[in-house]
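All remarks here apply to the structure that follows.
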Amino acid sequence: MKITKRFNRVIKPLKTINNHDPKSQITKVKTNLKQKSKRKANTITIKQKSQTQLDICSKDSFLLEKNPKRLDLDYYQIDALDLAPRLLGKYLRRDDVVLQITEVEAYRSNDSACHGRVGVTSRTAPLFGPGGHAYVYLCYGMHNMLNVVADKEGIGSAVLIRSCAPVTGLETIKQRRGLDTDKPVLLTGPGKVGQALGISKDWSNHALFSPGGLELLDGPEVKDIVVGPRVGIDYALPEHVSALWRFAVSGSPWISAPKNTLKAP
DNA sequence: GAAAAGATTAAA
DNA sequence: TTAATCTTTTCC
C-alpha cells in the first residue's frame, strides 16, 4: 500500500511534464519548491498570528472564569437538541489540557443518524444511560469520537464534540496529535479532539460531572451561533440528513470542514 | 506572486 | 475522518 502511494506521487509530476511544455512545467515545479521553502521561513510569522487568534478565542475567557466548576448532573438531563448549543463555550479538561468546545452536533432519540437506532448493545449502552456521561466510539477503525450523553436514562441521545479551541496544555495537545502547530488543523475535527484528549472507547460511560479523568466545566454562554446539517450521515433518512442539528461558534477559526454549510439560524 | 481557501484522493 | 495534494480564489 505504501508503495502505491509513493509510486503515485513520483509518477504524477512526470506524466504532467510529458504532456505539456517541459520548460513551463519545470518552472512550475521550481515555483512550488520555492513556495514550500518560503512557507517554512514564514513559520514564525504564522505562529505569532495563530497565537493571537488563540488568545482571542479562548484563553482570556477561561482565565476570566477563574475557577470553572464542573457542570452538574442535572444540566445534562435535557433533549440533545437543547444541550448541543449550550455546550458551545464550555470546557473539556483532562490532565493539563483544557479545550473549549466550538462545534457540536445533536444526535437524538428516534433519529436515523443516531447510534441509538440499533438499540442497546455493548457499544451503545452508555448512550442510553443518564446524561452527563461520555459516549466514545471508534470511527474508521482509528478515530475516537467523543459524545456527551444527553437527556434521561433510556432516551439514547448525545452531543458529538466536533471541534475545540485550545486553552491550556498546548504542548501536550501537540504531542498527542503528533503535530507541531498552533493552527486550527490541530483541533478541528471529532477525531482530532479525541486524540488531543488522549481518550479511547475505554472512556465510554465515564462520568463527566465527577472529579478526575475527563471533566466538562462551565464556560461562557455562546450567543452568536451558526447552524447547519450534520456531517457524514448519508445513511440516514432525508428528514434527518437535512435537519440543522450542527452548531458552531460564529466566526471562530476552530471549526471543521465543511464550513460553507453553516449559516446564521 | 504568495497566502488562504476549496476540492480531491489515499489510507486505515 | 484525516492528512497530503492539487486547484482555485483572494489579496498585498
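In what follows, chains are A, B, ... by sequence order, proteins preceding strands, each numbered from 1. Only this structure's heavy atoms are used, side chains among them; waters, hydrogens and symmetry mates stay out.
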Only pairs at least two apart or in different chains count here, so list each ring-ring contact (aromatic ring centres under 6.0 Å, His included) that has a residue in [range].
range                       : value
residues 207-230 of chain A : A:H133-A:F209
residues 152-208 of chain A : A:W203-A:H206
residues 141-196 of chain A : none

Exercise. Hey, does A:K192 reach any base, or is it just sugar-phosphate, or nothing, if we go heavy atoms under 4.0 Å?
Worked result: sugar-phosphate
Exercise. With sugar-phosphate meaning primed atoms plus P, OP1 and OP2, does A:P258 contact a base, only sugar-phosphate, or nothing at under 4.0 Å between heavy atoms?
Worked result: nothing
Mind calculating the distance between [atom1] ([X]) and [atom2] ([N]) to the nearest angstrom?
X      : N     : atom1 : atom2 : result
A:K259 : B:dA5 : NZ    : C1'   : 9 Å
A:R230 : C:dT1 : CZ    : P     : 12 Å
A:L187 : C:dT1 : CG    : C1'   : 15 Å
A:L186 : C:dT2 : CG    : C1'   : 13 Å
A:K183 : B:dA5 : NZ    : P     : 10 Å

Exercise. At under 4.0 Å, does any side-chain N or O of A:R177 touch on OP1 or OP2 of C:dT2?
Worked result: no
For this session: Output the residues of residues 137-150 of chain A in contact with DNA chain C, where contact means a heavy atom of the residue under 4.0 Å from an atom of the strand; sort by number or write none.
Result: A:C139, A:Y140, A:H143, A:M145
For this session: Please identify each residue that fulfils side-chain hydrogen bond (donor to acceptor under 3.5 Å, both in side chains) with A:N110, with sequence neighbours left out.
Result: none
Exercise. Could you give all pairs that pass the salt bridge (charged side-chain N to carboxylate O under 4.0 Å, His left out) test and reach residues 220-235 of chain A, with sequence neighbours left out?
Worked result: A:D111-A:R230
Exercise. Is a donor on one side and an acceptor on the other found under 3.5 Å between the side chain of A:K174 and the backbone of A:L170?
Worked result: no
